[in-house]
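In what follows, a single structure is set out as structure tokens and then discussed.
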Amino acid sequence: DVQLQASGGGLVQAGGSLRLSCAASGFTFDDFAIGWFRQAPGEEREGVSCMSASDSSTYYADSVKGRFTISSDNAKNTVYLHMNSPKPEDTAVYYCAAGSSVLLDLWMLTPEYDHWGQGTQVTVSS
């Protein structure tokens with residue numbers, strides 16, 4: 001049974017840092033792409049970052065490029081999202097997702113992913 005568990009959200013001041021974790025179980029980590037998405041109230045869910053576990057290639061939304069970093073610990077089947085210098089506009093519920101056949105040119109699209117974890121709230125204060 002595929003499961004994704006996102007954690008690490010909370011309240012952070014603008015300019016601070018926060019690390020989100022996505023613990024995966026029930027599937028072979030190396031065969032999947034793991035994405036981070038976020039959804040603010042009244043907004044659509046948007047792709048933030050993605051990592052292809054097979055070759056560790058990474059992808060970022062323009063809005064977070066240079067501030068957020070995605071990384072993985074394959075031994076722990078865990079993917080992290082390091083949020084550096086967050087801004088108030090980064091406030092959202094953050095979700096992690098896994099896809100076995102993600103077209104990496106389309107990593108930011110939700111239909112590319114088969115499995116979703118529950119969200120973790122991130123609030124950035126100004």
Side-chain angles (χ1 to χ4, degrees):
D1 187 26
V2 174
Q3 290 191 342
L4 298 167
Q5 181 76 34
S7 62
L11 176 64
V12 61
Q13 282 194 326
S17 63
L18 195 66
R19 188 183 75 170
L20 306 183
S21 299
C22 176
S25 61
F27 62 95
T28 303
F29 198 62
D30 287 351
D31 293 337
F32 279 68
I34 306 295
W36 282 100
F37 289 75
R38 67 187 181 188
Q39 188 166 20
E43 302 289 332
E44 291 188 354
R45 194 168 296 188
E46 64 172 354
V48 175
S49 184
C50 171
M51 170 176 274
S52 171
S54 60
D55 63 4
S56 299
S57 55
T58 58
Y59 306 83
Y60 298 94
D62 287 345
S63 58
V64 307
K65 202 171 291 183
R67 299 188 298 119
F68 293 6
T69 303
I70 191 169
S71 66
S72 69
D73 184 335
N74 285 16
K76 295 182 178 179
N77 262 24
T78 300
V79 173
Y80 304 99
L81 185 69
H82 306 266
M83 303 173 62
N84 294 317
S85 299
K87 303 175 182 179
E89 51 263 43
D90 294 321
T91 294
V93 178
Y94 282 70
Y95 300 87
C96 60
S100 59
S101 57
V102 174
L103 294 176
L104 293 174
D105 285 347
L106 304 178
W107 69 265
M108 74 293 294
L109 301 181
T110 56
E112 290 295 307
Y113 298 83
D114 310 304
H115 309 283
W116 291 82
Q118 90 296 349
T120 185
Q121 174 71 47
V122 173
T123 303
V124 184
S125 63
S126 58

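All of these numbers come straight from a predicted model, not from anything done at the bench.
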Residue pairs passing the disulfide bond (SG atoms under 2.5 Å apart) test with at least one member in residues 89-126, sequence neighbours excluded, are Cys22-Cys96

Looking at residues at least two apart in the chain, or sitting in another chain, which of them share a side chain to side chain contact (heavy atoms under 4.5 Å, CB included) with Thr58? Met51, Tyr60, Ile70

Can you list the residues that meet the side chain to side chain contact (heavy atoms under 4.5 Å, CB included) rule with Glu89, with sequence neighbours excluded? Lys87

Sort and list the pairs that fulfil side-chain hydrogen bond (donor to acceptor under 3.5 Å, both in side chains) and have at least one residue in residues 7-25, not counting sequence neighbours. none

Residue pairs involving residues 65-81 (criterion side-chain hydrogen bond (donor to acceptor under 3.5 Å, both in side chains); sequence neighbours excluded): Asp30-Asn74, Asp62-Lys65, Arg67-Asp90, Ser71-His82, Ser72-Asn74

Just list the side-chain donor-acceptor pairs under 3.5 Å for residues 105-113, sequence neighbours left out, or say none.
{"unit_1": "Glu112", "atom_1": "OE1", "unit_2": "Leu103", "atom_2": "N", "d": "2.9"}
{"unit_1": "Tyr113", "atom_1": "OH", "unit_2": "Trp107", "atom_2": "O", "d": "2.6"}

With sequence neighbours left out, what residues match Tyr94 under ring pair (Phe, Tyr, Trp, His ring centres under 6.0 Å)? none

Hphob cluster co-occupancy, Leu18 + Tyr95, side-chain heavy atoms under 4.5 angstrom: no

Using ring pair (Phe, Tyr, Trp, His ring centres under 6.0 Å) as the criterion, list what pairs up with Phe27, not counting sequence neighbours. Phe32

Considering residues at least two apart in sequence or located in another chain, which fulfil the side chain to side chain contact (heavy atoms under 4.5 Å, CB included) criterion with Asp1? Gln3

By side chain to side chain donor-acceptor pair (under 3.5 Å), which residues pair with Glu46, not counting sequence neighbours? Arg38

Please, which pairs that meet disulfide bond (SG atoms under 2.5 Å apart) have at least one residue in residues 35-89, sequence neighbours excluded? none

The criterion is side chain to side chain contact (heavy atoms under 4.5 Å, CB included); which residues satisfy it with Gln121, sequence neighbours excluded? Thr91, Val93, Thr123

